[in-house]
Amino acid sequence: MCDQAANDRPATPNKSGRMSKPRSREAEKGYCSKCKTVRATIAVRQSIFCKACFLTGTEAKFRTAMSKLRPGTPPRPTASGSSKSSGPSGVLALSGGCCSVALLHLLAMLIEQDRSRPHAVPQIASLSVVFIDESEIIACDPIYNLRLEALVRQYGIPLRTVKLSTAFDLNAAGRTLVVENMMVSSTVPNATKSSLDRLRVVFDSSPSTSAKEDLLDSIRTHLLLHAAKDATCLFLGSSTTTLANRVIAATAKGKGASIPRFLAPASTPLGTASPTILKPLATFTAKELGLFTYFRALDVIPFPTLTSARPPGLKVSVHHITQTFLAKLEATQEGTVSAVYRTAAKLRTPPTDTPLCPLCLECLLEPADVAAGTRHGATTAGHVAIVCWGCGTVLDELQRRDRRGARGPVEVPLFDQIAEYLLSDDDE
Amino acid sequence: MVSLELRFSGGMELLFGGTKAVTVDVPLKAGAATMRDLLPWMRDHLLKERPELFMDGDSVRPGILVLINDADWELEGDLEYALKASDEIVFISTLHGG
């Protein structure tokens, strides 16, 4: 009730000119809005807390989020058709950033707490960590990998590192996807070029950072789902801030239809026989997680990204622009990020049998196009490419060699979900 | 001069030559100088690269959290906080998230 009253009050500028709404009635006195006995030192989500209440509140909020997600419900059928009986197993995608590091700590804490209660049904029976090593395309100090190993080791959880180039090895038949102008086909790759060579050609040849980021996202998703194929669930450390950024970026890239799918706290992009993707930190802002990792003295490892060293004012990619834009808005209009997330989370898609784009696993394919065998950037001249409009644009951009219009073919990993739609050289 | 403990976390240390913590004697008057005075001093004397990744106008770049003696600087007066001897100021980047 106090928070509702605070929400009704108009925003006013504080001493440095930032617009912010007054916090709860108790908060106006400067005391923690939870215990109300200690002076508040942390301001998050338009409330103020003392450090102790902030930390216990964060951990309690996580436990509540996990209990709502209920990993392992319903049980995932095994290849033999029977349900797993040993409890849900989880794989955590760790990037080294504050969100996934916080998630590692919170999941380890949850498992430890469940173990200390012998009669409790564990929410997660076992946990392992997967790290996608992007150093093959983004130069990185090797000490960062050592720090990541040390971080995971202190929890006694197994760590598996997956190289990005192994995406080219996912196709069971050993084929790759070649995109040339309007033609898409699968082919047996040139044996003289390694997977690493092919990976570097894709990411070095195109000037489009947005397209490279999108392809990297797709490759990461497929690698993570493959790494977690025997687990019940795959945990991602996506925060409210991360997801709000994606909402704006997806809308700008013509992938607005994917929003309900990637905002869902639980999703099964490859069907019920595959791991469920869970996002238990979806209601935590980057600020909450940044403060949590600092106060818990967790090692946040700043692995470089395709745009991490770029100036904030430079328009290097859609994601980069979006992140800068929303961060600035949040700094002056607190609550913007949460508002974007909560509003977009109201979007719903009706149940459908229409297949998902096999590249991004987020957008639905247009039924008419699936039936006609044509898609953006494809022809029916014996080769059919079934990807969504956004991914078609990505493949088109990856063919560009410079900003003046020169183009060339591009060879990308062929995921099994795409292979089933393609005719191969051998089929002609 | 005012002696301050500065800490960098969440990737902020990259801008300061990998330094995670440093004690500095800042040529500012304790009690009179504010965070508004400290930030440009840090940019000019401590920052090793990319000032645009640290400051935006008079303040820190959006996405960087600031704690003063373990308290959110928003509750301590933000840029107008008056520095005192032995203050611990922490800069945390949330922009390396994920």
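Here is the naming used below: chain letters follow the sequence lines, and residue numbers restart at 1 for every chain.
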(message) Looking at A:F325, I'd like to know if its CZ atom is crowded, meaning that more than 12 non-hydrogen atoms belonging to other residues, nucleotides or ligands lie closer than 6.0 Å.
(response) no
(message) Counting only non-hydrogen atoms closer than 4.5 Å, does B:D56 touch chain A with its backbone (N, CA, C, O), its side chain (CB onward), both, or neither?
(response) side chain
(request) Identify which part of A:K328 has an atom lying under 4.5 Å from any heavy atom of chain B, answering side chain, backbone, both or neither. (result) both
(request) Let me know if A:F49 has heavy atoms under 4.5 Å from chain B in its side chain, its backbone, both or neither. (result) neither
(request) Please check if atom NZ in A:K212 has more than 12 non-hydrogen atoms from other residues, nucleotides or ligands closer than 6.0 Å. (result) yes
(request) Answer whether the closest heavy-atom distance between the side chains of B:T94 and A:T241 falls below 4.5 Å. (result) no
(request) Examine whether an atom of B:I68 lies under 4.5 Å from a heavy atom of chain A, and if so say whether it belongs to the side chain, the backbone or both; otherwise answer neither. (result) neither
(message) Can you tell me which portion of B:E13 sits under 4.5 Å from chain A's heavy atoms? Options are side chain, backbone, both or neither.
(response) side chain
(request) Starting at CD1 of A:I48, measure out to CD of B:E74 and round the result to the nearest 0.5 Å. (result) 11.0 Å
(message) Working to the nearest 0.5 angstrom, can you tell me the gap between A:C98 SG and B:L95 CG?
(response) 9.0 Å
(request) Measure the spacing between CD1 of B:I92 and NZ of A:K287 and express it to the nearest 0.5 Å. (result) 10.0 Å
(message) A side-chain contact here means heavy atoms from C-beta on lying under 4.5 Å apart; do B:L67 and A:F295 qualify?
(response) yes
(message) Which atoms of A:L298 are under 4.5 Å from chain B, going by heavy atoms: the side chain, the backbone, both sets, or neither?
(response) neither
(request) Sort out for me which of A:L329, A:L291, A:T293 touches chain B most, counting heavy-atom pairs under 4.5 Å. (result) A:L291
